[in-house]
2 protein chains.
Amino acid sequence: MRDRPIDRDRSIDIDQLFHALGDRTRRAILDQLVDRPMTVSGLAEPLGITVTAVMQHLQILEEARLVHTEKLGRVRSCRIETAGFRALEQWIRDHRTAWEKKLDRLGRLLAEEDAGRN
Amino acid sequence: MRDRPIDRDRSIDIDQLFHALGDRTRRAILDQLVDRPMTVSGLAEPLGITVTAVMQHLQILEEARLVHTEKLGRVRSCRIETAGFRALEQWIRDHRTAWEKKLDRLGRLLAEEDAGRN
DNA sequence: ACAATAGTCAAGTGAAAACTTCAGTGTTTT
DNA sequence: AAAACACTGAAGTTTTCACTTGACTATTGT
């Protein structure tokens with residue numbers, strides 16, 4: 001993983017966000033990072049996978065803005081980032097209210113239909 | 001897709017929930033269902049995939065409690081279900097607050113450390 | 001009854017993606 | 001300076017997964 005900087009101003013892609021969270025191992029990584037920042041090998045050990053594999057996951061998590069990593073000397077420190085979570089929360093709110101509106105409308109329609117029948 | 005009943009009392013598996021939402025096509029299906037209940041072939045047409053493929057997606061969405069389907073005669077009607085979305089929202093809330101607490105704690109520690117230095 | 005419709009099933013294909021190996025690179029310790 | 005450490009990169013393997021095909025079942029329309 002080259003240390004190419006991630007464009008922090010890019011709007012978060014909901015597609016890669018869901019993809020990032022759609023993997024068991026990546027969510028396990030997030031769970032570890034909830035407690036404290038960790039190194040790459042520190043993350044790898046309890047997962048029972050290679051350091052390289054963790055690096056690949058980190059790349060995906062970082063692009064989804066769920067994790068931020070920074071290399072100091074020879075160790076890379078990884079920690080949770082808020083942006084991804086916020087974007088996800090927003091997406092769900094939007095979608096939930098969208099179909100709640102529709103369901104309300106449908107409910108009213110059915111009620112009117114019922115009333116007309118009598 | 002056999003009509004084996006889905007255990008509606010089973011607590012929602014966050015793993016299959018994320019996996020369900022991690023696919024572009026399945027989210028497109030959800031978007032279609034936001035507007036109105038639809039049939040399997042009705043969903044398939046605008047997606048440009050086979051009815052069989054849609055069935056497979058529906059199976060996954062149904063297990064994640066994001067949609068509910070019901071077969072009447074030869075037609076299967078599909079509609080959004082709320083349970084999955086609610087579980088997801090809860091998960092995010094839990095996780096966000098969890099690490100927000102940790103970050104707060106870390107912040108205080110650093111502040112104290114700073115204060116002690118002077 | 002016959003055809004058309006709507007979905008179901010089993011099995012297979014192909015591509016994406018998770019993971020590995022192994023040979024580097026730069027950094028810290030001794 | 002040399003060894004140990006922590007990662008990085010490229011390339012390969014294996015697994016997962018979306019999607020298809022084609023044969024089949026059950027329901028509805030003529």
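Every chain is numbered from 1, with letters handed out A, B, ... down the list of sequences.
Counting only residues at least two apart or on different chains, the ring pair (Phe, Tyr, Trp, His ring centres under 6.0 Å) pairs with a member in residues 15-37 of chain B are B:F18-B:W91.
Across all non-hydrogen atoms, the minimal contact from A:L58 to A:L43 is CD2-CD1, 4.2 Å. The two residues A:D23 and A:H57 make their nearest non-hydrogen contact at OD2-CE1, 3.6 Å. A:L61 and A:I29 make their closest contact through CD1-CG2, 3.8 Å (heavy atoms, listed as atom of the first residue, atom of the second, distance). For B:L17 against B:A64, the heavy-atom pair with the smallest separation is CD1-O, 3.4 Å.
Rounded to a whole Å, the CD atom of A:Q59 is 13 Å from the C1' atom of C:dA18. One atom, CG of A:L21, and another, C1' of C:dA18, lie 16 Å apart when rounded to the nearest Å. The separation between B:M38 atom CE and C:dG7 atom C1' is 16 Å, rounded to whole Å. Distance B:L43 CG to C:dA6 P: 14 Å, rounded to the nearest Å. Taking atom CG of A:L47 as the reference point, atom P of C:dT20 lies 10 Å away to the nearest angstrom. Distance A:M55 CE to C:dT21 P: 17 Å, rounded to the nearest Å.
Note on B:I60 and B:M55: separate hydrophobic clusters, where clusters join Ile, Leu, Val, Met, Phe, Trp and Tyr whose side-chain heavy atoms are under 4.5 Å apart, directly or indirectly.
B:D31 pairs by the side-chain contact (heavy atoms from CB on, under 4.5 Å) definition with A:H95, not counting sequence neighbours.
A donor-acceptor pair under 3.5 Å is absent between the side-chain atoms of B:R79 and the main chain of B:H68, judged by distance alone. In this structure, the side chain of B:R26 engages the main chain of B:A20 through a donor-acceptor pair within 3.5 Å.
Residue B:S41 places at least one side-chain N or O closer than 4.0 Å to OP1 or OP2 of C:dG7.
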Can you pull every protein N or O that's under 3.5 Å from an N or O on nucleotides 16-20 of chain D?
from, atom 1, to, atom 2, distance (Å)
D:dA18, OP1, B:R26, NH1, 3.4
D:dA18, OP1, B:R26, NH2, 2.8
D:dC19, OP1, B:T25, OG1, 3.3
D:dC19, OP2, B:H57, NE2, 2.3
D:dC19, N4, B:Q56, OE1, 3.3
D:dT20, OP2, B:T50, N, 2.9
D:dT20, OP2, B:T50, OG1, 2.9
D:dT20, O4, B:Q56, NE2, 3.1

Atom pairs, N/O to N/O, protein against nucleotides 23-28 of chain C, distance under 3.5 Å?
from, atom 1, to, atom 2, distance (Å)
C:dT27, O2, A:R74, NH1, 3.3

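Summary for the helix from C:dA1-D:dT30 to C:dT30-D:dA1: the axes at its two ends, each from 5 pairs, differ by 20° when rounded to the nearest 10 degrees.
Rounded to the nearest 0.5 Å, atoms CG (B:L33) and OG (B:S77) are 9.0 Å apart.
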Can you give the donor-acceptor pairs under 3.5 Å from side chains of residues 44-54 of chain B to other protein atoms, not counting sequence neighbours?
from, atom 1, to, atom 2, distance (Å)
B:T50, OG1, B:A53, N, 3.2

